[in-house]
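Report on the following structure.
All of these numbers come straight from a predicted model, not from anything done at the bench. We name chains A, B, ... by the order of the sequence lines, and we start the count at 1 in each one.
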Amino acid sequence: MARVLLFGPLRDLAGWRDREVEAASLAALRGLLADEDADLGLALGGPGVQVAVDQAVVRGDAALTARSEVAFLPPMSGG
Amino acid sequence: MARVLLFGPLRDLAGWRDREVEAASLAALRGLLADEDADLGLALGGPGVQVAVDQAVVRGDAALTARSEVAFLPPMSGG
Amino acid sequence: MTIRLSETPFDPGAELTAFSRGRTETGAVATFTGLARAERGATAILELEAYPGFTEAQIGRIADQARERFGLHDLAILHRVGKIGPGEPIVFVATAASHRRAAFEACDFLMDYLKSRAPFWKKEHGPDGARWIEPSAQDHADRERWDGR
Amino acid sequence: MTIRLSETPFDPGAELTAFSRGRTETGAVATFTGLARAERGATAILELEAYPGFTEAQIGRIADQARERFGLHDLAILHRVGKIGPGEPIVFVATAASHRRAAFEACDFLMDYLKSRAPFWKKEHGPDGARWIEPSAQDHADRERWDGR
């Protein structure tokens with residue numbers, strides 16, 4: 001059960017901020033979220049959206065464990 | 001009796017900070033001070049020394065009244 | 001070096017007092033405070049979201065760069081998150097160096113980074129509803145001044 | 001706009017608190033605080049002399065230039081005079097503008113003026129006696145950056 005966090009406009013689009021999702025990889029997680037909510041699935045792969053696993057930005061796929069924290073970070077606004 | 005003020009190194013050189021001097025013009029005042037203390041007289045005409053009469057910088061000669069305040073301003077240090 | 005997020009309003013003056021105290025070799029302290037503008041009523045409330053832990057760590061990487069690049073003695077960054085009313089401080093940056101040029105440039109550099117690339121998401125709640133905002137073209141141009149210098 | 005000389009130590013943080021309070025349209029406040037360096041014991045005491053009235057008026061003329069040139073909303077300059085110990089603030093400059101670039105540049109401009117041309121006379125009292133000091137070549141070069149820009 002990885003913990004999934006959404007930030008900024010992604011949170012408004014999805015209607016939730018954090019959830020537990022059972023997935024063994026980032027690719028599998030993306031697939032599960034897209035099956036549930038096609039708009040969200042598209043947005044998570046949209047331009048400038050970064051993904052952090054356990055607070056480290058990752059590119060491409062990554063293995064997830066039961067304690068992984070996966071954050072989807074839309075383009076940053078700055079402070 | 002114009003009031004004469006010395007600043008910075010001029011004060012250390014002269015050994016005084018302010019004095020009353022009877023002089024009808026800046027030129028006359030310079031002459032009087034130089035007669036008393038030749039080193040000070042030279043220093044008052046030294047490079048970068050400005051003169052303010054009643055807090056306004058003047059170049060050349062200026063008439064003085066009994067209530068004039070004459071300040072000799074050596075090169076400024078900045079803050 | 002301190003990097004902090006704050007959920008509640010802060011006083012930039014209190015930060016400067018603490019930052020500048022007891023520095024006998026520093027010479028120069030520059031600060032910047034960003035305040036929420038009311039935009040004559042167009043923005044009622046600004047809402048800033050961070051990713052706690054991640055946001056501080058990302059800022060910390062740039063802070064380390066600034067310390068090295070400008071030879072800073074110290075720096076402090078304090079950033080509001082949550083809902084911010086007009087006139088409230090959003091961000092405070094302080095830099096300490098031997099001389100003023102380094103202190104000014106480092107403060108400027110850090111602000112350019114914070115305004116364009118730091119992990120914050122910003123929403124404006126105005127009379128016509130809420131909208132998410134992105135850095136301005138000026139913000140990006142300001143940051144790019146430092147590239148390759 | 002305030003321009004003040006102070007015979008006694010001041011807290012730059014208290015100045016910033018007062019300066020930044022209640023600004024709903026300002027957006028950006030930059031400050032600079034110059035602190036007396038101990039120079040590892042070489043300078044025990046710094047002594048600064050001003051010409052009261054004249055000094056504030058001369059600074060005021062440059063402050064007016066800065067307000068116009070950078071579109072400032074406000075500024076404050078506080079300068080110590082008299083004997084200043086290591087670590088004590090010598091000068092505090094604060095600038096308020098809509099955007100950070102103007103606030104930073106105006107603060108930088110004012111400091112370059114104050115360090116090179118403001119009517120102060122400065123004496124360092126060190127272990128080898130006292131000496132009057134003049135602006136450094138760097139101070140003059142810093143100020144000249146603004147000429148003709």
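- Nearest heavy atoms, A:F7 versus C:A50: CE2-O, 3.3 Å.
- For A:R19, the CZ atom sits in a packed shell: over 12 heavy atoms of surrounding residues, nucleotides or ligands are nearer than 6.0 Å.
- Only the side chain of C:L48 comes within contact range of chain A, with heavy atoms under 4.5 Å apart.
- Counting only distance, with no hydrogens or angles, the side chain of C:W121 and the backbone of A:P74 share a donor-acceptor pair below 3.5 Å.
- When C:S116, C:A57, C:A130, C:G53 are compared by the number of non-hydrogen pairs under 4.5 Å with chain A, C:G53 comes out ahead.
- For C:K123, the part sitting under 4.5 Å from any heavy atom of chain A is the side chain, from C-beta outward, and nothing else.
- If you take CG on A:D12 and CZ on C:R131, they are separated by 14.0 Å, rounding to the nearest 0.5 Å.
- We find the CE-CD distance between A:M76 and C:E49 to be 11.5 Å, quoted to the nearest 0.5 Å.
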List the steps and the verdict of side chain to side chain contact (heavy atoms under 4.5 Å, CB included) for A:E69 and C:Y51.
CA-CA 12 Å; A:E69 180 179 275; C:Y51 179 10; 2.4 Å; yes

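- Atom-to-atom distance recorded for A:L10:CG and C:W132:CH2 is 9.0 Å, nearest 0.5 angstrom.
- The minimum heavy-atom distance between A:Q55 and C:P52, with the atom names listed, is NE2-O, 3.2 Å.
- Contacts with chain A were tallied for C:R80, C:E47, C:H79, C:Q58; C:H79 has the most, counting heavy-atom pairs under 4.5 Å.
- The line from NZ of C:K115 to OG of A:S77 is 10.0 Å long, rounded to the nearest 0.5 Å.
- A 6.0 Å sphere centred on CD of A:E20 holds more than 12 heavy atoms belonging to other residues, nucleotides or ligands.
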